[in-house]
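Data first, discussion second: the structure below is written as structure tokens.
It should be emphasised that the depicted structure is a prediction, and the values quoted were computed from it without experimental measurement. Throughout, residue positions are numbered sequentially from 1 according to the sequence presented. Side-chain atoms are counted along with the backbone in the values below, which use heavy atoms only and exclude waters and symmetry mates.
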Amino acid sequence: MMTYTTRANVQKILKITAAAIFWIAVWHVAAKIIDKAWVLPTPYRVLEVLFELVFQKSFWISIKNSVLNVFWGYIYGAIIGFVLAIIAH
């Protein structure tokens, strides 16, 4: 017998899964209606290309550079915010 907590967790997971499936279906239908892959590719095509890119070194270099940009942007923003807070105080 499932406990209340476990049942609530299962229901939450089912709701999230159903929402994800719904929005992927909406995406797929919209892609088929537009019928221009360069505007809106299908979810299948996006996964297909993603699996091709995963094995390329340039993909991982781009990921690393993007993460570093976010990191340094956060650090610079925090420093500027800290300095401005001291000046304003």
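Annotation: the span from Ser58 atom OG to Leu53 atom CG amounts to 7.5 Å, rounded to 0.5 Å. The line from CG of Leu50 to CD of Glu48 is 11.0 Å long, rounded to the nearest 0.5 Å. The structure places OG of Ser62 at 10.0 Å from CD of Gln56, a figure rounded to the nearest 0.5 Å. Rounding to the nearest 0.5 Å places CZ of Phe55 at 9.5 Å from CH2 of Trp60. Interatomic distance, CG of Leu40 versus CG of Asp35, reported as 10.5 Å (0.5 Å rounding). Separating the CH2 atom in Trp72 from the CD1 atom in Ile79 is a distance of 8.0 Å, to the nearest 0.5 Å.
Clustering ILVMFWY residues whenever any of their side-chain heavy atoms sit less than 4.5 angstrom apart, transitively, puts Val54 in the very cluster that holds Val49. Transitive grouping of hydrophobic side chains (ILVMFWY, heavy atoms separated by less than 4.5 Å) brings Trp38 and Val46 into a common cluster. When the side chains of ILVMFWY residues are joined at heavy-atom separations under 4.5 Å, either directly or via intervening members, Val29 and Ile34 end up in two distinct hydrophobic clusters. Under the 4.5 Å side-chain heavy-atom criterion for ILVMFWY residues, no single connected hydrophobic cluster contains both Leu68 and Val70. With hydrophobic clusters built from ILVMFWY side chains whose heavy atoms lie under 4.5 angstrom apart, Val26 does not share a cluster with Ile33.
Residues Phe59 and Ile63 meet the side-chain proximity criterion, which asks for heavy atoms closer than 4.5 Å.
The neighbour count for Tyr44 OH, taken as heavy atoms of other residues, nucleotides or ligands under 6.0 Å away, does not exceed 12.
Heavy-atom minimum distance, Trp27 versus Pro41: NE1-O, 2.9 Å.
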